[in-house]
Colleague: 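So that we are looking at the same thing, I have put the structure below in structure tokens.
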Amino acid sequence: MTRVLPVLDNRFALQPEFQPVVSGILHQLKAGLAVHLHSVYLAGSIARGDGHPGQSDLNLTLVLNRPLTAAQLSTLDVIERRTAHLYGSVIRGLDIQWVTLDDVLGLDGIFRWGFWLKHGCRCLSGDDLSSRFGQFEASWDIAKMQNGDLREQLENYRRRIMATRVVAQYLDDCRSVAKKMVWSCFSLVFHRERRLALSVEQAAEMFLGYYPEKKTEIERLFVLISGTQVPKKATLFMITDFGGWIVAEFDKIDRKIG
């Protein structure tokens, strides 16, 4: 029996607390990126309408008509810092990723970007590309594409954490890598669970349903997500040890499923 995944309902208004934040960053993006900007998408708890002021992240995906130049990347960085400064009391963090229109619509982008825009986002501005894709079913191919190259991502986080001497940046990096690892754990079971996790807590719960022996590791990741400062040595150990296990488990499943 076909079991397609649900899509976000775009018809309801955003929560009033977050409307000024979203409007403000949309205005900055349209002014700063101009004709490069094709469409903007919102994901996460704020997109679902169950965000918590001061606790929820603002997660945006930008689809661009062409890759950004070095100057435009600098402009995007300024927009991110300005938004964090102006609305730091409303959103806990700001995460912006971008992709070109060609990559979204190319064959290689179907399982990554087609799935993401269809089932993980709501369109805020521009031509809604999610209408170009049908609804997806849970699969290992989608899990792999959504997870990306975890080995490389963990290595990037490891280098950043080793280099930083600013506590606030260290805590942000710890939180980001811990959330990434929890979502990667969920990707290991997505094709078996056959449903979406709507929060990092739910993602962890679904993962532990198949890997209960990893409860301690998941609890340690949530310490990092909470913003509690732990020694760098402990964080780096989690990235190397548990992160290495996640990568190895991905490889094992991939060899089995193909």
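Here the structure is a predicted model, which is why all the values come from computation and not from measurement.
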Colleague: Quick one: does Ile79's side chain get under 4.5 Å of Leu29's, heavy atoms only?
Modeller: yes

Colleague: Looking at every non-hydrogen atom in both residues, tell me the closest pair between Ile218 and Cys185 and how far apart they are.
Modeller: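 Shortest heavy-atom separation between Ile218 and Cys185 comes out as CD1-SG, 4.2 Å.
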
Colleague: Kindly compute the distance separating NZ (Lys232) from CD1 (Ile239), expressed to the nearest 0.5 Å.
Modeller: 11.0 Å

Colleague: Could you tell me whether a side-chain N or O of Arg48 sits under 3.5 Å from a main-chain N or O of Leu198, the two making a donor and an acceptor?
Modeller: yes

Colleague: Answer yes if Ile246 and Phe190 sit in the same cluster of Ile, Leu, Val, Met, Phe, Trp and Tyr residues linked by side chain heavy atoms under 4.5 Å apart, and no otherwise.
Modeller: yes

Colleague: Quick one: ring-ring contact (aromatic ring centres under 6.0 Å, His included) pairs with a partner in residues 17-38, sequence neighbours left out?
Modeller: none

Colleague: Might you confirm whether atom CZ of Arg151 has over 12 heavy atoms from other residues, nucleotides or ligands at distances under 6.0 Å?
Modeller: no

Colleague: Just checking, is any N or O donor in the side chain of Gln72 or Thr75 under 3.5 Å from an acceptor N or O on the other one?
Modeller: no

Colleague: Hey, what do you get for CD (Gln146) to CZ (Phe186), rounding to the nearest 0.5 Å?
Modeller: 10.0 Å

Colleague: Mark yes when over 12 heavy atoms from residues, nucleotides or ligands other than Phe237 sit less than 6.0 Å from its CZ; otherwise mark no.
Modeller: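 Count not over threshold, so no.
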
Colleague: Taking atom CG of Leu60 and atom OG1 of Thr83, what is their separation to the nearest 0.5 Å?
Modeller: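 The CG atom of Leu60 sits 8.5 Å away from the OG1 atom of Thr83.
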
Colleague: Please examine the side chains of Arg132 and Leu129, heavy atoms only from C-beta on, and report whether any two atoms are closer than 4.5 Å.
Modeller: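 A side-chain contact under 4.5 Å exists here.
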
Colleague: With hydrophobic residues grouped by side-chain heavy-atom distances under 4.5 Å, do Leu117 and Leu42 end up in a single group?
Modeller: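 As far as the 4.5 Å side-chain criterion goes, Leu42 and Leu117 are not connected within one cluster.
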
Colleague: Find the distance between CD (Glu249) and OG (Ser187) and round it off to the nearest 0.5 Å.
Modeller: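 Answer for the CD-OG pair, Glu249 versus Ser187, is 12.5 Å.
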
Colleague: Do you know which two heavy atoms are closest between Phe222 and Ala204, and how far apart they sit?
Modeller: CE1-CB, 3.5 Å

Colleague: Can you give me the closest heavy-atom contact between Gly243 and Leu154, atom names plus distance?
Modeller: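 That closest heavy-atom pairing would be CA-CD1, 3.6 Å.
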
Colleague: If you apply the rule side-chain contact (heavy atoms from CB on, under 4.5 Å), what do you find for Val230 with Tyr170, and how did you get there?
Modeller: CA-CA 10 Å; Val230 302; Tyr170 170 64; 4.0 Å; yes

Colleague: Say whether, by atom type as modelled, one donor and one acceptor occur between the side chain of Asn59 and the main chain of Asp95 under 3.5 angstrom.
Modeller: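 No; judged by distance alone, with no hydrogens or angles, the pair does not exist.
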
Colleague: Using the six-membered ring wherever Trp is involved, compare the ring planes of Trp245 and Phe242 and label them parallel, tilted or perpendicular (cut-offs 30° and 60°).
Modeller: parallel

Colleague: Between Leu101 and Leu64, does a side-chain contact (heavy atoms from CB on, under 4.5 Å) hold up when you go through it step by step?
Modeller: CA-CA 6 Å; Leu101 180 61; Leu64 305 171; over 6 Å; no

Colleague: Is there side-chain contact between Trp140 and Asp254, with at least one heavy-atom pair below 4.5 Å?
Modeller: yes

Colleague: Hey, does the side chain of Glu193 reach the backbone of Val189 with a donor-acceptor pair shorter than 3.5 angstrom?
Modeller: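 Not confirmed, Glu193 side chain does not pair with Val189 backbone.
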
Colleague: Measuring from Gln229:CD to Thr235:OG1, what's the distance to the nearest 0.5 Å?
Modeller: 9.0 Å

Colleague: In Å, rounded to the nearest 0.5 Å, how long is the span from CG of Leu224 to CE of Met181?
Modeller: 8.5 Å

Colleague: If you look at every heavy atom in Ala43 and Gly120, which pair is closest and at what distance?
Modeller: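 Taking every non-hydrogen atom into account, CB-O, 3.2 Å.
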
Colleague: Does this structure show an ion pair linking Glu155 with Arg159, if we count only N-O contacts that are shorter than 4.0 Å?
Modeller: yes

Colleague: Would you say the side-chain atoms of Asn65 pair up with the backbone N or O of Thr100, donor to acceptor, closer than 3.5 Å?
Modeller: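 No; zero donor-acceptor contacts below 3.5 Å.
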
Colleague: Under 4.0 Å between a Lys/Arg side-chain N and an Asp/Glu carboxylate O for Asp251 and Arg255?
Modeller: no

Colleague: Less than 4.5 Å apart, any side-chain heavy atom of Ser176 and any of Tyr157?
Modeller: yes

Colleague: Do Phe133 and Trp116 make the cut of ring centroids closer than 6.0 angstrom?
Modeller: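 Judged by ring-centre distance (under 6.0 Å), Phe133 and Trp116 do not meet the cut-off.
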
Colleague: Please check: side-chain N/O of Tyr87 versus main-chain N/O of Arg92, any donor-acceptor pairing under 3.5 Å?
Modeller: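 Not at all, since once roles are kept as given, no pair shorter than 3.5 Å links the two residues.
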
Colleague: Do NZ/NE/NH1/NH2 and the carboxylate oxygens of Lys180 and Asp173 come within less than 4.0 Å?
Modeller: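 No, no charged N to carboxylate O under 4.0 Å.
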
Colleague: Same cluster or not: are Met145 and Leu188 linked, directly or through other Ile, Leu, Val, Met, Phe, Trp or Tyr residues, by side-chain heavy atoms under 4.5 angstrom apart?
Modeller: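 Linked within one cluster.
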
Colleague: Under the side-chain contact (heavy atoms from CB on, under 4.5 Å) criterion, do Arg112 and Ile110 qualify, and how do the steps go?
Modeller: CA-CA 6 Å; Arg112 181 178 183 186; Ile110 292 175; over 6 Å; no

Colleague: Go through the steps for Val63 and Trp113 under the test side-chain contact (heavy atoms from CB on, under 4.5 Å), then give the verdict.
Modeller: CA-CA 10 Å; Val63 177; Trp113 298 110; over 6 Å; no

Colleague: Checking Lys118 side chain against Gln135 main chain: does a donor-acceptor pair fall under 3.5 Å?
Modeller: no

Colleague: Can you check whether Thr164's main-chain N or O pairs, donor with acceptor, with Gln169's side chain at less than 3.5 Å?
Modeller: no

Colleague: Applying side-chain hydrogen bond (donor to acceptor under 3.5 Å, both in side chains) as the test, list every pair that has at least one member in residues 215-226; sequence neighbours left out.
Modeller: Ser226-Thr228

Colleague: Do Ser184 and Asn147 have a side chain donor and acceptor closer than 3.5 Å?
Modeller: yes

Colleague: So does Arg160 pair up with Asp172, basic N to acidic O under 4.0 Å?
Modeller: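 No.
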
Colleague: List the steps and the verdict of side-chain hydrogen bond (donor to acceptor under 3.5 Å, both in side chains) for Ser130 and Asp128.
Modeller: CA-CA 6 Å; Ser130 68; Asp128 186 357; 2.7 Å; yes

Colleague: Heavy atoms only: give me the nearest Ala47-Phe12 pair and the separation to one decimal.
Modeller: O-CZ, 3.3 Å

Colleague: Look at the aromatic rings of His119 and Phe115 and report parallel, tilted or perpendicular, splitting at 30° and 60°.
Modeller: tilted

